[in-house]
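Data block below; observations after.
Quick note on labels: first sequence line is chain A, next is B, and so on, each numbered from 1. As the structure is a prediction and not an experimental result, all values here were calculated from the model.
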Amino acid sequence: MTSIRADELTLGYGRKTVVEGLTLDVPDGATTVIIGGNGSGKSTLLLALGRLLVPSRGRVLLAGADIQRSPTREIARRLALLPQQPRTPEAMTVRQLVALGRHPYQSWLAQWSQRDERMVERAMQRADVADLADRVVDTLSGGQRQRVWIALAVAQDTPLLLLDEPISFLDPAHQLDVLDLLRTLNRETRKTVVMVLHDLNLAARYGDHIIGMRDGRIVAEGTPETVMTADNVRAIFDLVCRIVPDPCVGTPMCVPVGRAL
Amino acid sequence: MGDMTIRLAGYSRRIAWRPWRLAGLSLLTCVVIALVSLACGRVWLPPGEWLAGLKRGEGAIWLIVTQLRLPRVVLAAEVGGALALSGWILQQVLRNPLASPDTLGLSGGASAAVVAYLALAAGQGGAWVRPVAAIAGALLVVASVYALALRGGRVTPYRLILIGVGMGALAGAVVTLMLIVGRAELASSAYVWLVGSVYGANRADAVTLGGLLALVLLFGVPLIRYALLAPLDDALAAGIGVSVPASRLALIGVASLLAGLAIAWGGAMAFVGLFAPHLARRWVAVSGSAQALAAVAIGASVVMSADLVGRTLFLPLDLPAGIFVAAVGAPFFIGLLIRETRTS
Ligand SMILES: Nc1ncnc2c1ncn2[C@@H]1O[C@H](COP(=O)(O)OP(=O)(O)O)[C@@H](O)[C@H]1O
Ligand SMILES: [Mg+2]
């Protein structure tokens, strides 16, 4: 399997330390959702898990091997990372961009194998961008673009998906589409999903495992029921709320009352 | 949309119809201009006539076409195409519409190195010295521009261009100095070369430059794929398994080689490397190899046309092509600068 874990991670930018001594074991084949306030280090942690940030101390282990010492292509076949707000390249079509997800499997000779084609077309269908395939990406709306990025990550066909705020620019219906898609991928193909979400109720509904972060540390971790308590929400966000069962699925739902003073 | 898939044994590609059709059209224009160039000159030779002359394999027409016009036309196309491709790669890799061999000081560096060699060594030491000097000058300048523009591990477009223009001016000062200290008879020949000219090109020139460019392309073409990834986020590119810094460095190296070689034979041809890729990006909206090919075709067409104008419209004078290229290119650059400053 491709279990991923972080071992005593210290992360920062230049001299500034953002995350210190963080240890984390991502459950295999489950959906893990990271929640936390702005600037709490969620993106930083995700970048390190995706080996895009070199830890100043500690290691990230993918299937037991230090991720910083593994070949780039090898890693790219095992984990896909969707950064928070990727720059949109001008002058690329949706299909071109999604096809980039196949890069780890291609060589100079073979750039459009049958498998590439199948995975790209399917990823575009699943992310609901097949109709946009021949459009140029920078003419799309923010939400459409976000779905293109998701299609790219899906086309990469990795057992591990890391997504930073994948639904932030989407309308409510497409938010559920994307989360349902990720759940399907998780259930059908046992993909491990790690994502950052800002909507606590969706986090509780779609997450098997929740991680609450504050100031670069993990404050609470566990099932939605254990993490989504009024005390924890207060500790993570400084937010006073009441927890009620979600009328649709019964997972905990947070109704905000106000900011804790 | 009529896209085509090619799969042959281990080889596979998806060919988007529209960009390649447009690239094909620009290539066709290029060929037409080449044919017209072969027909025009001091003596007008209608295509039928020179074709017949070529078949005969001897005589005056054969001599004019194969010994005088063809090498010149081919050299002009090679110089223009190489500069355009160099510019296209730089614009793509540096994510900067203002990047080009001219604005990054590459052309200046190559020119200064060649003039220094002409002035100090009087052109001695073998035919290979000039291209080597040009390439070395281009690489030296591009390396120092990049190093100076680097701040906190990042390079901003404007810093890069400002420093590039500064280095270009410095190189210009070196050129002037060399012209003054060099022997008098050097100056006028160096001037013609500096502006950019394919005057007096012979077959050996065209064949040598063509061969060297082909060699560079042998390494460069497989890298074009990475030029397409350059506009992506570094994080995203790394995420799909591309080492961004390494591929960027390799591509800048290829661009410097292309520009250095072109300049060694054709002189600076100011701004071809800026506006040919620009027109190509307008014309072939979707980035890809087709767009790069269109840039090459446009660059070649521009220099061939400029040379055609220079040697036919002002008879009996034979003016350097670079004059006409710059006359179109400089206003284009200014317009682009104005537009870019307005949008950023
Ligand atoms: N590239 C960077 N350079 C310097 N500091 C950064 C950079 N990216 C993030 N930070 C800082 O690191 C901290 C954590 O940021 P981030 O991980 O993006 O938080 P989150 O994703 O939880 O909102 C913030 O204080 C932020 O200002
Ligand atoms: Mg973030």
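Of the listed residues Glu74(A), Gln114(A), Gln156(A), the one with more heavy-atom pairs under 4.5 angstrom with chain B than any other is Gln114(A).
Heavy atoms of Leu162(A) lying under 4.5 Å from chain B are absent altogether. Contacts between Ser107(A) and chain B at a heavy-atom distance below 4.5 Å involve the backbone alone (N, CA, C, O). Both the backbone and the side chain of Ala235(B) come within contact range of chain A, judged by heavy atoms closer than 4.5 Å. When heavy atoms are compared at a cutoff of 4.5 Å, Leu229(B) approaches chain A solely by way of its side chain, counted from C-beta outward. Residue contact with chain A, scored on non-hydrogen atoms closer than 4.5 Å, involves the backbone and the side chain of Val221(B) alike. Looking at Arg95(A), only its side chain comes within 4.5 Å of chain B, counting heavy atoms on both sides.
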For this session: Evaluate side chain to side chain contact (heavy atoms under 4.5 Å, CB included) for Asp134(A) paired with Asp3(B), printing each intermediate quantity in order.
Result: CA-CA 10 Å; Asp134(A) 292 304; Asp3(B) 286 1; 4.3 Å; yes
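The number of heavy atoms from other shown groups lying within 6.0 Å of CZ (Arg122(A)) does not exceed 12. Other residues, nucleotides and ligands contribute over 12 non-hydrogen atoms within 6.0 Å of the OH atom of Tyr11(B). Other residues, nucleotides and ligands place no more than 12 heavy atoms under 6.0 Å from the CZ atom of Arg57(A).
The minimum heavy-atom distance linking His103(A) with Ile240(B) is given by the pair ND1-O, 3.4 Å. Among all heavy-atom pairs drawn from Ser12(B) and Ala110(A), the shortest one is OG-CA, 3.4 Å. Residue Gly239(B) comes nearest to Ala76(A) through the heavy atom pair O-CB, 3.6 Å, listed as atom of the first residue, atom of the second, then distance.
Annotation: side chain of Glu117(A) is in contact with side chain of Thr5(B) (closest heavy-atom distance under 4.5 Å). Looking at Leu97(A) and Leu232(B), their side chains come closer than 4.5 Å, going by heavy atoms from C-beta outward. Residues Leu100(A) and Leu236(B) have side chains not in contact (no heavy-atom distance under 4.5 Å, counting atoms from C-beta outward). Looking at Gln96(A) and Arg14(B), their side chains never come closer than 4.5 Å, going by heavy atoms from C-beta outward.
Remark: side-chain polar atoms of Arg51(A) are paired, donor with acceptor, to backbone N or O of Ala238(B) under 3.5 angstrom. Between the Ser287(B) side chain and the Met92(A) main chain, no donor and acceptor come within less than 3.5 Å of each other.
The distance from the CZ atom of Arg7(B) to the CG atom of Asp116(A) is 8.0 Å, given to the nearest 0.5 Å. With rounding to the nearest 0.5 Å, the separation of CH2 in Trp108(A) from CZ in Arg13(B) is 5.5 Å. With values rounded to the nearest 0.5 angstrom, Gln106(A) atom CD is found 6.0 Å from Arg225(B) atom CZ.
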